[in-house]
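Comments concern the structure below.
FYI, side chains are in, hydrogens and waters are out, and symmetry mates aren't considered; it's all heavy atoms of this structure. Chain naming here is simple, since letters A, B, ... match the order of the sequence lines and numbering starts at 1 in each.
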Protein chains: 2
Amino acid sequence: MRDMLDIQKLLVPDLLDSMKKRYTVLQHILVSGVVGRRTLAASIGSTERVLRGEVEFLKEQGLLQIDASGMRITEDGRALLEQIEPLVKDLFGLTEWEERIRAAFGLKQVVIVPGDSEASPHTKKELGRAGASVMRKLVKEEEVIAVTGGSTMAEVAVHLNATASMKSCWFVPARGGLGESVELQANTVAATMAKKAGGRYRLLHVPDHLNDEAYQSLLQDDHITEIFHFIRRARMVVHGMGDAMVMARRRKVDPETTASLQREGALAEAFGYYFDRNGRILHKMPTVGLRIEDIQAMDTVIGVAGGHGKGEAILAVLRHGHEDVLVTDEAAAAEIVQLMSS
Amino acid sequence: MRDMLDIQKLLVPDLLDSMKKRYTVLQHILVSGVVGRRTLAASIGSTERVLRGEVEFLKEQGLLQIDASGMRITEDGRALLEQIEPLVKDLFGLTEWEERIRAAFGLKQVVIVPGDSEASPHTKKELGRAGASVMRKLVKEEEVIAVTGGSTMAEVAVHLNATASMKSCWFVPARGGLGESVELQANTVAATMAKKAGGRYRLLHVPDHLNDEAYQSLLQDDHITEIFHFIRRARMVVHGMGDAMVMARRRKVDPETTASLQREGALAEAFGYYFDRNGRILHKMPTVGLRIEDIQAMDTVIGVAGGHGKGEAILAVLRHGHEDVLVTDEAAAAEIVQLMSS
DNA sequence: GGTACCGGGACTTAATCCGTCCCGGTGATA
DNA sequence: TATCACCGGGACGGATTAAGTCCCGGTACC
């Protein structure tokens, strides 16, 4: 049944909205017993005229009846409501979470796909598709888009495809990040995205963590600095999020830095920075690629991450306060919501 | 899953249409490989502009991509199509049957509810609801509506409810029909409908089958003849359909008439008449209530019947050629379609 | 190098949606 | 019993959307 809903979400998303609206109307009438149009409109938060349209439709379907004293639900309506309730919970529970998280952190948009992307490859794909879909919607012409690496971002890349705006864009890695396996590197993700989207890309072949000396000498290289500047032209960044310790290990951060991170309570990692549970950045190091001030000045910051256990990390990054869009899955969202309310 | 779709059909009736349209577009693109907008519009039978809307939507969803050489399906689109295919077959099988039966007999509308109303009480309820829904849609103000008896009609009555037009209507039995158990009698059905719909009713307390002598003496009674004339004012009749022999027995038709019916190949019964397999009326008897010429002059004739084994009878009534709307279930529809094509 | 078909932009018209206001009826209350 | 607040429904105009139609520049294939 879930499958069916997913398909409908893809094929007729606006009709699901309208289904929700009608369900809500019916639901309100059920609990109110008898209620008038204007009263109901106010309590639902709809306008009188719009509600009227819905009510007339529901009457037409025999789900509610109207007389001079107001509207009340019919037996058919009550039966339908009972039958459809689990469905609506399933469908719109996620919508409620989306809105709660969105409002709590002042985001532009939150998308939650059903399932657990850690447990199910299918959900991971869905997460990727949702991420790609958000990118498609928000991208502008002639834009530079910075992306990070990671398995989730790789999945996003796979589901991107060519649109007019995308074709005029440049894809660049947000950071060097050569520590990881090649198919998960930011460079690879940027290249894949460019290929899928019909756009162009530039790469940054530089290890992620450098000591000061090496960093300074890099800055002497004209080619490298030119790419740095190019990357900083990005107005959109799409990034994964992860557990701090897991990422430190994967990035092969040296033992003493790792120990220091641990001591300071590092919880999350995103675009090369480490965050504690309050979203404070723990670790200042010579950065290769986007700096934190670049992120802050960005038009659109899109975070994509999911899976059981990722909730805490995602929440930490959200608390840092510079995200615009979050794409996650049900498993992580459940944790986020739970942590938010505790 | 079917249940869920039925519910959705009630809340957002155009959901399936819209899904089907988009599915069809995608499907055509899949088989065509690369195809242009105008070519596709012609092959689907849609206008260019409408198709364009759908295509833009599908592009937005990442299900197809567009370049200068035409439109082609994406991997996501192909995956979705594969997932949805069995579902669509299931769903639109019924829609196709509806259209086939509708076209074959020149009906205004055919509604098929999924399931077998003989095997499942739930399907029987659905059949009733569908019948009531059709009535609601087609009824006019200040109308006289003639109804027959039977378990299906009783179910229709239960699902009727008050609308503005319905309230101004009169419900009358199409015929006397006192032979059956009281809750299935046409009189009872008419009364129930009137109560549910907020309308008024008049009854006809006369046995269904009479000999000539008794019939003539009835016509002397002013009260009775007045009701006869009232019933004949009906512009809409809603009736069940049944197996001829079963009905004859239930109506307690005398043995010699029963034998004669059997001899002549009586197959179906509807509004008191018996039909052979070609829809010819077998039996002329002094009628109490609507005469066959009344039926023929009717604006709207709605037949409601379903269940495994009823297909042949329904088909016989359809062949008689004065139906406007048929409401049936999947089990009976399957038989009808099968008999039609053989 | 020509041609036929491609997608996309633009404009107009038709239709629908929706905000707004009013009216007569009805049920509860004082 | 008189009053009043709230009921549904009718009406209407402005805004928004859908859709028919035509054109244009680009691309691919002949």
Protein-nucleotide distance (A/Ile66, atom CD1; D/dC7, atom P), rounded to Å: 12 Å
To the nearest Å, give me how far apart CD (A/Glu54) and C1' (C/dG19) are. 16 Å
Between A/Phe171 and A/Met166, is any pair of side-chain heavy atoms under 4.5 Å apart? yes
Does the side chain of A/Leu51 reach to within under 4.5 Å of the side chain of A/Val25, using non-hydrogen atoms? yes
Lys/Arg N to Asp/Glu carboxylate O, A/Arg100 vs A/Glu96, below 4.0 Å: no
So for atom NZ, which belongs to B/Lys20, do other residues, nucleotides or ligands contribute more than 12 heavy atoms lying within a distance under 6.0 Å? yes
Specify the separation, in whole Å, of atom NZ of B/Lys167 and atom C1' of C/dG25. 12 Å
Per the end-axis method with five pairs at each terminus, what is the bend angle of the helix from C/dG1-D/dC30 to C/dA30-D/dT1, to 10°? 30°
Length of the CD-C1' vector between A/Glu56 and D/dA11, whole Å: 13 Å
Starting from C1' on D/dG8, measure out to CD on A/Gln65 and report it in whole angstrom. 14 Å
Determine the contact category for A/Val35: base if any of its heavy atoms lies under 4.0 Å from a base atom, sugar-phosphate if only primed atoms, P, OP1 or OP2 are that close, otherwise nothing. sugar-phosphate
Are there more than 12 heavy atoms of other residues, nucleotides or ligands under 6.0 Å from atom OH of B/Tyr23? yes
Count the heavy atoms belonging to other residues, nucleotides or ligands that lie under 6.0 Å from CZ of B/Phe105, then report whether that count exceeds 12. yes
Side chain to side chain donor-acceptor pair (under 3.5 Å) involving B/Glu323 - partner list, sequence neighbours excluded: B/His239
Under 4.0 Å protein heavy-atom contacts per nucleotide of nucleotides 14-30 of chain D, with B for base, S for backbone only and - for none: -----BBBBB---S---
Whole Å only: how far is the CG atom of A/Leu40 from the P atom of D/dC6? 15 Å
Name the residue from B/Glu60, B/Gln65, B/Gln61 that meets the side-chain contact (heavy atoms from CB on, under 4.5 Å) definition with B/Leu63. B/Gln61
Starting at atom CD of B/Glu141, determine the distance to atom P of D/dG9, rounded to an integer number of angstrom. 12 Å
B/Asp76 and B/Thr74: side-chain donor and acceptor closer than 3.5 Å? no
